[in-house]
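We count residues from 1, following the sequence as given.
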Amino acid sequence: MRAMVLQGALNKFLKLESSAGLLVMGAAALALLVSNSPLGAIYDDFWRTRVGFVFADFQLVKPLLMWVNDGLMAVFFLLVGLEIKREFLTGELASLQQRILPFAGAVGGIVLPALVYSYWTGADPIALRGWAIPAATDIAFSLAVLALFAARVPLALKVLLTAIAVIDDLAAIVIIALFYTEDLSARMLAVAAIVVLVMLILNRASVMRPGAYLLLGVVLWVSVLKSGVHATLAGVITAFALPLRPDKGSAPAPASLIEDLLHPWVAYGVLPLFALANAGLDLGALQSAELPAGVATGAATGLVVGKSLGIFLALIIVNALMPVTKRSAIPVLQLLALSAVAGIGFTMSLFIASLAFETAPAQYFEAAKAGVLAGSLLAGALGALLLHWALPRR
């Protein structure tokens, strides 16, 4: 019975992520179209519009683009945190045996693309800050590519890709916390620590009211934002504090309740809006501008070559050394196709690029966007071609 429930939840998740990926593709295409039309200047000015509020000595005024990247993406990371927690406690990563293969794939898919990017940008210390750009997988885009082949895709392949992407997201969270945090405020960090402590007390006391955690999550978001740590981490911390297992009675646990509530809003609202706000790229200006050497090339080759080969080689090596899971029976060509599809970075890659080059000259982020868009497109096309060859005909 439990297996049937988990299977139904997984199918629902895969279907939602796949359709969301197609919507994000459309939003990104629209952003590119508008940026290269007579409306390009209006597009740029709109996302630079500053909005917020001031209360006594406290103010929170940011451009619309930052409200999307710091605010709405915190909601996205709240969902990511809930998915990671569920997978590690009750899902496809609940046991050590289940974690070995996707963990190895995720590590290979982080290390090799970072090395490839660093090879192209090693002479430029500013460009080198973007080393983590090609180390991210966009699960919505990747599952959307798998969805193009419908029933031909084995469930084991979808599960393995999802597991790799979940661990990949966890690694991205750690990278953001360790490498893209600066100018810390001790006072605001202390406030954030107190809020986290209260959350943990509520969890230990089995408080099952989601609103209590979400209210504290908002306070945590503001304090983290003001502390110098990236505000999206507040979403992850809130997710980890939410109880996953229900208390006495049949009511769903707060973590499950909020995940089910947020998933369609994030899939059909937050992610397309992020793509619309961040994927705009003036191709004409890009050609005439002096771009930093290696950023676009490093991001694109890191995704297409580094990410794909890193995941594939790691999976092959682990399968050869210790065939520990049933997924080891996946044919080699299908593993190669999966690895290529995982090279679609888009959302997370753009997000990390925005952090890496937040204080750098604008051309660094523009070059990174060009590389991410080109690399994700090539990885998706290569993955689709390999899937066409590798999957059984039905």
Carefully, step by step, assess Asn36 and Tyr43 under the rule side chain to side chain contact (heavy atoms under 4.5 Å, CB included). CA-CA 10 Å; Asn36 293 277; Tyr43 170 90; over 6 Å; no

Nearest 0.5 Å please: distance from the CE atom of Met66 over to the CG atom of Leu72. 12.0 Å

Would you say Leu161 ends up clustered with Val332 if hydrophobic residues are merged whenever their side chains have heavy atoms under 4.5 Å apart, either directly or through other cluster members? yes

Over 12 foreign heavy atoms within 6.0 Å of CH2, Trp120: no

Step by step, work out the side chain to side chain contact (heavy atoms under 4.5 Å, CB included) result for Leu157 and Leu391. CA-CA 10 Å; Leu157 203 65; Leu391 295 176; 4.3 Å; yes

Would you check if the side chain of Ser376 reaches a backbone N or O of Phe346 as a donor-acceptor pair within less than 3.5 Å? yes

Give the intermediate values and the outcome of side chain to side chain contact (heavy atoms under 4.5 Å, CB included) for residues Leu146 and Leu387. CA-CA 8 Å; Leu146 290 189; Leu387 284 170; 3.5 Å; yes

Calculate, to the nearest 0.5 Å, the distance between atoms CG and CG belonging to Asp260 and Leu79 respectively. 10.0 Å

Quick check: does any side chain N or O of Lys307 sit under 3.5 Å from a backbone N or O of Gly109, one acting as donor and the other as acceptor? yes

Should Val111 and Leu170 be counted in the same cluster of Ile, Leu, Val, Met, Phe, Trp and Tyr side chains packed under 4.5 Å apart? yes

Please check if any side-chain donor atom of Asn203 sits under 3.5 Å from a side-chain acceptor atom of Tyr213, or the reverse. no

What distance separates Leu65 CG from Asp44 CG, expressed to the nearest 0.5 Å? 10.0 Å

More than 12 heavy atoms of other groups within 6.0 Å of Phe103 CZ: no

Determine whether Ile330 and Pro154 make a side-chain contact, defined as any pair of heavy atoms from C-beta on separated by less than 4.5 Å. no

Tell me if a side-chain donor or acceptor on Ser349 pairs with a main-chain N or O of Ile133 at a distance below 3.5 Å. yes

Tell me the closest heavy-atom pair linking Ala136 and Asp168, and the distance in Å. CA-OD1, 3.3 Å

Do Thr297 and Tyr119 touch side chain to side chain, with heavy atoms closer than 4.5 Å? no

Taking it one step at a time, do Phe76 and Leu271 satisfy side chain to side chain contact (heavy atoms under 4.5 Å, CB included)? CA-CA 8 Å; Phe76 166 72; Leu271 291 182; 3.6 Å; yes

Does Ser37 use its side chain to pair, donor to acceptor, with the backbone of Val34 at less than 3.5 Å? yes

Verify same cluster id: Val218, Leu242 (apolar side-chain graph, 4.5 Å): no

Do Ile164 and Leu101 have side-chain heavy atoms sitting under 4.5 Å apart? no

Please determine whether residues Ile317 and Ile311 belong to a single hydrophobic cluster, defined as Ile, Leu, Val, Met, Phe, Trp and Tyr linked transitively by side-chain heavy-atom distances below 4.5 Å. yes

Salt bridge check: are Arg129 and Asp124 linked by an N-O gap of less than 4.0 Å? no

Could you check whether any side-chain heavy atom of Leu216 comes within less than 4.5 Å of a side-chain heavy atom of Thr238, counting everything from C-beta outward? no

Between the CG atom in Leu189 and the NZ atom in Lys226, the distance rounded to the nearest 0.5 Å is 14.0 Å

Check: Pro243 and Met208 side chains under 4.5 Å, non-hydrogen atoms: yes

Check for a donor-acceptor pair, side chain of Ser308 on one end and backbone N or O of Val305 on the other, with a separation under 3.5 Å. no

Arg99 side chain to Phe88 backbone, donor-acceptor under 3.5 Å: yes

Provide the closest heavy-atom pair for Ala267 versus Leu23 in the form atom of the first, atom of the second, distance. O-CD2, 4.5 Å

For Thr347, does its backbone N or O pair with a side-chain atom of Asp138 as donor and acceptor, under 3.5 Å? yes

Please verify the inter-ring angle class for Tyr364 with Phe357; under 30° counts as parallel, over 60° as perpendicular, anything in between as tilted. tilted

All heavy atoms of Lys85 vs all of Phe240, minimum pair found to be NZ-O, 2.9 Å

Donor-acceptor contacts under 3.5 Å from residues 336-344 side chains, at least two apart:
residue	atom	partner	partner atom	Å
Ser339	OG	Phe312	N	3.3
Ser339	OG	Leu335	O	2.8

For Tyr117 and Pro134, work out which heavy atoms get closest and say how close. CB-CG, 3.9 Å

What about Ile110 and Leu128, same hydrophobic cluster or not, with Ile/Leu/Val/Met/Phe/Trp/Tyr joined at side-chain heavy-atom distances under 4.5 Å? no

Could you list the residues that satisfy side chain to side chain donor-acceptor pair (under 3.5 Å) with Ser118, not counting sequence neighbours? none

Does a side-chain heavy-atom distance below 4.5 Å link Pro331 with Gln334? yes

Taking only residues two or more places apart in sequence, or in another chain, which ones meet Lys62 in a salt bridge (Lys or Arg N to Asp or Glu O under 4.0 Å)? Asp70

Looking at Trp221, Phe351, Phe274, which hits ring pair (Phe, Tyr, Trp, His ring centres under 6.0 Å) with Phe77? Phe351

Which value, rounded to the nearest 0.5 Å, describes the distance between Leu215 atom CG and Met199 atom CE? 9.0 Å

Which pair of non-hydrogen atoms, one from Ala172 and one from Met348, has the smallest distance, and what is that distance? CB-CE, 3.4 Å

Among Val266, Leu262, Ile237, find the one that has a side chain to side chain contact (heavy atoms under 4.5 Å, CB included) with Leu78. Leu262

I'd like to know if the side chain of Ser227 and the backbone of Val224 have a donor-acceptor N/O pair within less than 3.5 Å. yes

Beyond-backbone contact of Glu83 with His263, side-chain heavy atoms, under 4.5 angstrom: yes

First locate atom CG of Leu197, then atom CG of Leu202, and finally report the distance between them rounded to the nearest 0.5 Å. 9.5 Å

Side chains of Trp47 and Pro63: closer than 4.5 Å at any heavy-atom pair? no

Considering non-hydrogen atoms only, spot the tightest contact between Leu276 and Ala27 and give its length. CD1-O, 3.8 Å

